[in-house]
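To keep things clear, I will list the structure first and then write my remarks on it.
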Amino acid sequence: MSPLNINERFGNKLKEYRYKHKMSQYTLGKLLSYTQAEISKVENGKRDISMSKFVYINNLLKLIEFNL
């Protein structure tokens with residue numbers, strides 16, 4: 001089994017967040033200025049997101065904790 005790439009890992013974290021908070025992809029998309037289809041692609045690792053969008057989403061939702 002190969003390790004997940006960063007898009008898949010981030011997508012999994014986003015999906016976990018959405019399930020934990022009982023949100024639809026549509027609702028999460030509205031919060032993040034994405035469409036439902038874009039959220040689906042991000043969750044499934046099929047859409048690359050820019051570093052700035054990654055940081056924005058991560059800061060907003062606190063998906064991944066960084067220890068620098």
Side-chain angles (χ1 to χ4, degrees):
M1 186 161 139
S2 65
L4 298 175
N5 72 36
I6 190 70
N7 290 329
E8 291 170 328
R9 291 179 68 192
F10 186 73
N12 286 339
K13 288 286 189 184
L14 192 60
K15 189 182 295 187
E16 287 172 16
Y17 176 91
R18 189 171 60 77
Y19 285 165
K20 180 179 177 183
H21 291 85
K22 298 180 172 123
M23 298 174 81
S24 68
Q25 288 179 336
Y26 175 83
T27 302
L28 182 59
K30 286 291 188 189
L31 177 67
L32 301 176
S33 299
Y34 272 65
T35 65
Q36 178 276 323
E38 289 173 316
I39 293 295
S40 177
K41 288 177 185 175
V42 170
E43 286 184 351
N44 291 300
K46 306 254 188 259
R47 185 175 195 276
D48 291 336
I49 61 171
S50 68
M51 183 57 78
S52 61
K53 194 69 168 178
F54 170 84
V55 170
Y56 168 76
I57 293 170
N58 196 60
N59 286 341
L60 184 65
L61 304 180
K62 308 290 189 234
L63 298 176
I64 300 170
E65 187 174 314
F66 293 100
N67 296 317
L68 301 176

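This one's a predicted model, so the numbers in the text were calculated from it and none came from an experiment.
A search for side-chain contact (heavy atoms from CB on, under 4.5 Å) contacts involving S50 returns S52, K53, not counting sequence neighbours.
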Checklist entry - Can you check side chain to side chain contact (heavy atoms under 4.5 Å, CB included) on M51 and V55, steps first, answer last? => result CA-CA 6 Å; M51 183 57 78; V55 170; 4.2 Å; yes

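To the nearest 0.5 Å, atom CG of residue L14 and atom CZ of residue F54 are 11.0 Å apart. Atom NZ of K13 and atom NZ of K20 lie 10.0 Å apart (nearest 0.5 Å).
Remark: the backbone N or O of S40 is paired with a side-chain donor or acceptor of N44 at under 3.5 angstrom. A donor-acceptor contact shorter than 3.5 Å links the side chain of E38 to the backbone of T35.
Residues K41 and I39 form no side-chain contact, since every pair of their non-hydrogen atoms from C-beta on lies 4.5 Å or further apart. In this structure, L61 and L28 have side chains that are in contact, with non-hydrogen atoms separated by less than 4.5 Å.
Checking each of L32, D48, I49 against V42 for a side-chain contact (heavy atoms from CB on, under 4.5 Å) leaves exactly one that passes, namely I49. The side chain to side chain donor-acceptor pair (under 3.5 Å) test with Q25 singles out one residue from Q36, K30, K15, and that residue is Q36.
A pairwise comparison of heavy atoms in M23 and L31 identifies CE-CD2, 4.2 Å as the closest pair.
For the ring pair (Phe, Tyr, Trp, His ring centres under 6.0 Å) condition, the pairs that include at least one residue of residues 12-49, sequence neighbours left out, are Y17-H21.
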